[in-house]
Amino acid sequence: MKIRSVRALEILDSRGNPTIQAEVALEDGTRAVAQVPSGASTGRHEACELRDGEAARFDGKGTRQAVRNVEDVLAPAIRGLLTDHQRGVDARLIEVDGSNDKSRLGANAMLAVSCAVARTATIARGVPLWRHLSEMSAKPAPRMPAPMINIISGGLHAGHNLEFQDFLAMPRGYPDLMSALEATARVHRETGRLLERRGCVLTGVADEGGWGPRLGSNEEAAALLREAIGVAGASMDIALDVASTHFHEDGGYRVEGKRLSSSEMADLLDGWVSRYGVASIEDPCAEDDWDGWKAITSQLGSRVRLVGDDLFTTNPKRLERGIAEGAANSVLVKMNQIGTLTETFAVIDRAREAGYGAVISARSGETEDSFLADLAVASGAGQIKIGSVTRSERLAKYNRLLEIERWEFI
């Protein structure tokens, strides 16, 4: 079925910042929308998220120009294309933008259209979104992903209360997703109770729904999470999002008033692996600290997942360099870091081919769109990072996964 029209709308994300929704309509009247997220902890190598820059409006974060780009540039370019030929549609979007980093039209504008096109094809075909998307993979092997769930936040997600950005729980050995979520909800509640007993004032939650307490150190957060897991009687590993780019300066890492070298950061995290059951570490080194990444991968890569987010930014060229140099062993996949579904799947497929893991990830500024859940199932990546077990923009994805697991997945 051919695309008849495309329109866009400026909407708000979970932090109250503007983002984009696109609607694609087909010749038979089928319509579908997609909403795109935005990030707070963004790497400088990400595709360009186009913002208006008008200081008097949303502190310059408006997306009206990106909306106009959808309606005035992208819509005419893809009108008449077949909606079930996703690669052809995405290739046309990339061609029309013409830049290396999506800076002309905006990765946010392009991704909204790319995802909306996929949804219309799904509706027209009468199949679940994840099944349609799975056909974009080089080796389609859909499977339910295991969640890594935010419990305590710091960094840019919680007002810099800690240097490290996220402390997450990774459920192990549960028979289904609901059992894993129930156990994690217990851990989340027990963490809150432990914080209250320690005199921490809890007035709200961080961007992704985790607790954002003032603690004495980063390690205190890891120890507290391990304690909460024990009190809750849960079976879980711990994952960290260090987001070290944001405290990397003068060739070192500024942590709790001290300057650590890359090797000292590796030794610090090495100790946590054994003490707290850390099984996954995201961005332990900064986005351009390639020597640090290679060293920590050599030291820890055989024991834990080392996930490149700012390092790779879902960019195939940066992933290729990581594979060639032995940096990291997994890639964090964020659709809006690259701008189209086709490019997203290319990164997932290349990671799989090289023996790297892939973690499908939400952003700190999310919407109620559950597209990410279907992407995680379709890709067969095996791991998803959505946020905590609070806030509806997070739960929309978990609830969609529950729906897929119970009603659709075979």
Side-chain angles (χ1 to χ4, degrees), residues 1-13 17-38 47-52 57-58 61-99 102-136 335-336 338-345 366-375 378 396 400:
M1 189 61 62
K2 292 182 179 179
I3 296 169
R4 186 184 70 197
S5 64
V6 185
R7 60 180 180 174
L9 182 68
E10 184 180 56
I11 62 172
L12 297 181
D13 69 18
N17 292 329
T19 186
I20 297 180
Q21 172 176 298
E23 180 192 74
V24 170
L26 306 184
E27 290 180 339
D28 67 351
T30 299
R31 295 175 180 270
V33 302
Q35 301 169 337
V36 298
S38 62
C48 175
E49 181 183 67
L50 192 63
R51 300 285 185 176
D52 296 336
R57 185 174 185 271
F58 289 110
K61 295 180 179 179
T63 57
R64 291 190 294 193
Q65 182 58 55
V67 166
R68 287 192 291 269
N69 288 344
V70 170
E71 298 186 336
D72 298 342
V73 183
L74 295 177
I78 66 170
R79 188 177 297 121
L81 296 184
L82 293 171
T83 189
D84 56 352
H85 289 180
Q86 187 74 43
R87 288 184 177 84
V89 172
D90 288 346
R92 182 63 176 143
L93 297 177
I94 293 167
E95 177 187 20
V96 171
D97 174 79
S99 67
K102 315 295 193 297
S103 56
R104 177 172 175 251
L105 301 177
N108 44 352
M110 296 171 67
L111 182 63
V113 175
S114 182
C115 291
V117 166
R119 270 224 173 93
T120 60
T122 294
I123 295 170
R125 293 179 63 190
V127 299
L129 177 58
W130 62 267
R131 187 172 294 282
H132 174 73
L133 293 177
S134 72
E135 297 171 7
M136 296 186 66
M335 291 185 290
N336 75 327
I338 192 64
T340 67
L341 279 173
T342 298
E343 293 167 295
T344 299
F345 272 98
E366 267 296 337
T367 73
E368 59 271 26
D369 195 325
S370 63
F371 196 104
L372 192 77
D374 286 79
L375 174 68
R400 173 59 183 150

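This structure is a prediction, so every number in the text was calculated from the model and none was measured.
Of the possible polar contacts, none joining the S103 side chain to the S99 backbone as a donor-acceptor pair under 3.5 Å is found.
The pair R7-E71 does not count as a salt bridge, with every side-chain nitrogen at least 4.0 angstrom from each carboxylate oxygen.
Residues V6 and I78 are in side-chain contact: their nearest non-hydrogen atoms beyond the backbone lie under 4.5 Å apart. With contacts defined as side-chain heavy-atom distances shorter than 4.5 Å, the pair L74/M110 qualifies. Residues L50 and R104 are not in side-chain contact: their nearest non-hydrogen atoms beyond the backbone lie 4.5 Å or more apart. For the pair F345/L375, a side-chain contact is recorded, criterion being any heavy-atom separation below 4.5 Å from C-beta on. Contact of the L129 side chain with the R119 side chain is registered, since non-hydrogen atoms from C-beta on lie closer than 4.5 Å. A heavy-atom distance below 4.5 Å is not found between the side chains of D374 and H132.
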Legend entry - Test log, rule side-chain contact (heavy atoms from CB on, under 4.5 Å), inputs V89 and S114: CA-CA 7 Å; V89 172; S114 182; over 6 Å; no

Inset, instruction - Might you work through the side-chain contact (heavy atoms from CB on, under 4.5 Å) test for M335 and F371, ending with a clear yes or no? - result: CA-CA 10 Å; M335 291 185 290; F371 196 104; 4.0 Å; yes

Inset, instruction - Give the intermediate values and the outcome of side-chain contact (heavy atoms from CB on, under 4.5 Å) for residues V73 and L105. - result: CA-CA 8 Å; V73 183; L105 301 177; 3.9 Å; yes

Inset, instruction - Evaluate the criterion side-chain contact (heavy atoms from CB on, under 4.5 Å) for residue pair K2 and L81; output intermediate values, then yes/no. - result: CA-CA 5 Å; K2 292 182 179 179; L81 296 184; over 6 Å; no

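Looking at every heavy atom in both residues, A66 comes nearest to A109 through O-CB, 3.6 Å. Residues A34 and A112 share a closest heavy-atom pair of CB-O, 3.7 Å. In plain terms, the two heavy atoms of P37 and N336 that are nearest each other are O-ND2, 3.3 Å. Closest non-hydrogen pair, V113 versus V24, comes out as O-CG2, 4.3 Å. Considering all non-hydrogen atoms of both residues, A124 and T30 come closest at N-CG2, 4.4 Å. Of all heavy-atom pairs between A8 and V67, the closest is O-CG1, 3.7 Å.
We find the CD1-OG1 distance between I94 and T342 to be 6.5 Å, quoted to the nearest 0.5 Å. I3 contributes atom CD1, which lies 6.0 Å from atom OG1 of T120 (distance to the nearest 0.5 angstrom). Atoms CG and NZ, from L93 and K102 in turn, are 9.5 Å apart once rounded to the nearest 0.5 Å. Rounding to the nearest 0.5 angstrom, the gap separating the CZ atom in R31 from the CD atom in E23 is 4.5 Å.
Residues meeting the side-chain contact (heavy atoms from CB on, under 4.5 Å) test with Q35, sequence neighbours left out: I11, Q21, T367, E368, D369. For R57, the side-chain contact (heavy atoms from CB on, under 4.5 Å) partners at least two apart in sequence or on another chain are E10, D52, E54, R64.
Side-chain contact check for T340 and Q86: no donor-acceptor pair (N or O, by modelled atom type) lies under 3.5 Å. Remark: the S38 side chain and the T19 side chain contain no N/O donor-acceptor pair separated by less than 3.5 Å.
Pairs of residues two or more places apart, or lying in two chains, that qualify as salt bridge (charged side-chain N to carboxylate O under 4.0 Å, His left out) and include a residue from residues 76-98 are R92-E95.
Checked against T63 for a side-chain contact (heavy atoms from CB on, under 4.5 Å), the options N17, I20, N69 give a single hit: I20.
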